There are 2 protein chains.
Amino acid sequence: MMISTRGRYVLRLLLDIAEHQGEGYVSLKDSAERQEISKKYLEQIVIIPDVSKMLVSKGGKNGGYRLAKDADEYTVGEVLRAAEGSLSPVACLEINHSPCPRSADCIALPVWKGLDEVINKYLDGMTLQDVLDKKPGYDGGDNYVI
Amino acid sequence: MMISTRGRYVLRLLLDIAEHQGEGYVSLKDSAERQEISKKYLEQIVIIPDVSKMLVSKGGKNGGYRLAKDADEYTVGEVLRAAEGSLSPVACLEINHSPCPRSADCIALPVWKGLDEVINKYLDGMTLQDVLDKKPGYDGGDNYVI
DNA sequence: ATAATGCCTACAAAACCTATAGGAATAGTA
DNA sequence: TACTATTCCTATAGGTTTTGTAGGCATTAT
């Protein structure tokens, strides 16, 4: 299992904010209730640096969050990477991972590189707006999914 | 990170066995040394039921393992699922997961279903023999990887 | 007999996941 | 000013999973 609640909750939160922000701000309380997610847990997730950069916040009464850019300017991949740190299927492909001394010989490495590419291509080919619109997503083959 | 050492080690082990089994058996000791993996840890991994079904073992001196079927009869996806249990990117798509009461409304679910499909299509489109042959793998787009 | 192997069970440190808790700072509103 | 609703910050913690280590029994070839 690759995407933890962090990634899943952030995606749902951003979609919820995108859907409910009019001219104003969406409070975590409201999003948490609608999405049935612990508000306290969400609080911790939105302060992940790369996540908070995607949002504009306002404290105090009637405060909350709104997207810093339009929903069609964020890909699902971007959002998930912000929350999860990395979407690499294996540790050895992660940024900041100490170079594996076996990488030159590793017979399995090309499998992981291809998998990484397939995953990122799929997730980066889809924006938040696409998800809201329930736009069919290219599934990487000849078929459309959703 | 989706594929743990269990999956990565099993894939390397099976590839190592496929490469070194002639008419005989390949001992874990030899594979472990070649692959620089703890032999004791490998012992525990090969007794995972779905993994052990892919192997034929022989105890005693000159014993070891060989593949139960030919290397071109096992897909990488099969091998990884045997070791990891599931390759689902999110918990809610796993077999035996209690049905999520929100699934009918969940705006994010189609994203995960598409991702699951892309991942499994890639990994099931590649056999152990393909990896040994370093055969280019279809990366789900217009490009070949490896 | 001996040695090399698989097979089995138990233990455990470390990391990660999934939160909960309390309170400070901020900003509207009466 | 007082009140309320919100974000923001830090600490704590139980549970699960990962990644092994350790010891010994069973099996088989020589």
Side-chain angles (χ1 to χ4, degrees), chain A residues 1-10 12-13 17 20-21 23-33 35-49 51-66 68 80 83-86 88-92 94 97, chain B residues 1-10 12-13 17 20-21 23-33 35-49 51-66 68 80 83-86 88-92 94 97:
Chain A
M1 216 262 303
M2 149 189 219
I3 314 283
S4 68
T5 54
R6 263 200 310 279
R8 302 206 305 278
Y9 289 178
V10 163
R12 284 165 57 194
L13 176 65
I17 291 173
H20 292 93
Q21 73 184 11
E23 294 305 308
Y25 291 79
V26 181
S27 74
L28 278 192
K29 179 167 176 285
D30 289 349
S31 280
E33 279 171 8
Q35 297 295 324
E36 300 176 88
I37 298 173
S38 153
K39 180 197 152 212
K40 277 296 196 180
Y41 192 22
L42 276 183
E43 280 181 8
Q44 282 189 49
I45 292 174
V46 292
I47 61 174
I48 295 169
V51 172
S52 71
K53 282 172 196 150
M54 300 184 164
L55 296 167
V56 175
S57 69
K58 194 175 116 182
K61 197 165 181 176
N62 297 328
Y65 295 91
R66 44 182 302 113
L80 294 177
E84 299 280 343
S86 162
S88 296
V90 295
C92 53
E94 277 162 18
H97 190 264
Chain B
M1 215 262 303
M2 152 188 219
I3 313 283
S4 68
T5 54
R6 263 202 309 282
R8 303 206 304 279
Y9 289 178
V10 162
R12 284 165 59 194
L13 175 66
I17 291 172
H20 291 93
Q21 71 183 12
E23 295 304 307
Y25 290 79
V26 181
S27 74
L28 277 191
K29 178 167 178 286
D30 289 349
S31 280
E33 281 172 5
Q35 297 295 324
E36 299 176 88
I37 299 172
S38 152
K39 180 196 153 210
K40 278 294 194 181
Y41 192 23
L42 276 183
E43 281 182 7
Q44 283 188 47
I45 291 174
V46 293
I47 61 173
I48 295 169
V51 172
S52 71
K53 283 172 196 151
M54 299 183 163
L55 297 166
V56 175
S57 68
K58 194 175 115 178
K61 193 162 183 178
N62 297 327
Y65 294 91
R66 45 185 301 113
L80 295 177
E84 299 280 342
S86 162
S88 296
V90 293
C92 53
E94 277 164 16
H97 190 263

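Every chain is numbered from 1 and lettered A, B, ... according to where its sequence line falls, protein lines coming before strand lines. If you're wondering where the values come from, they're calculated on a predicted model, not measured in any experiment.
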So does B:S38 get a side-chain nitrogen or oxygen closer than 4.0 Å to the phosphate oxygens (OP1/OP2) of D:dT21? yes

note: A:L42, atom CG; D:dT6, atom P; distance rounded to Å ~ 14 Å

Only pairs at least two apart or in different chains count here, so list each side chain to side chain donor-acceptor pair (under 3.5 Å) that has a residue in residues 52-61 of chain A. A:D50-A:K53

Give me, pair by pair, the N or O atoms of the protein and of nucleotides 3-7 of chain C that are less than 3.5 Å apart, along with how far apart they are.
residue, atom, partner, partner atom, Å
C:dT5, O2, B:G60, N, 3.3
C:dG6, OP1, B:L28, N, 2.8
C:dC7, OP1, B:S57, OG, 2.7
C:dC7, OP2, B:Y65, OH, 2.4
C:dC7, N4, B:E43, OE1, 3.1
C:dC7, N4, B:E43, OE2, 3.4

Going by salt bridge (charged side-chain N to carboxylate O under 4.0 Å, His left out), name the residues that satisfy it together with A:E36, two or more places apart in sequence or in a different chain. B:R102

Within the side chain of B:S88, is there an N or O that forms a donor-acceptor pair under 3.5 Å with the backbone of B:A91? no

Say whether, by atom type as modelled, one donor and one acceptor occur between the side chain of A:R66 and the main chain of A:L55 under 3.5 angstrom. no

Side-chain donor-acceptor distances from residues 2-9 of chain B under 3.5 Å, at least two apart:
residue, atom, partner, partner atom, Å
B:S4, OG, B:R6, N, 3.4
B:S4, OG, B:E84, OE1, 3.3
B:S4, OG, B:E84, OE2, 2.9
B:T5, OG1, B:Y41, OH, 3.1
B:R6, NE, B:A83, O, 3.4
B:R8, NH1, B:I3, O, 3.0

On the nucleotide D:dG20, are OP1 or OP2 found under 4.0 Å from the side-chain N or O atoms that B:Y9 carries? yes

Partners of B:E33 by salt bridge (charged side-chain N to carboxylate O under 4.0 Å, His left out), sequence neighbours excluded? B:K29

Base-contact (B) and sugar-phosphate-only (S) positions in nucleotides 11-18 of chain D, heavy-atom cut-off under 4.0 Å, - elsewhere: B------S

Can you measure from CD (A:E94) to OG (A:S86) and round to the nearest 0.5 angstrom? 4.0 Å

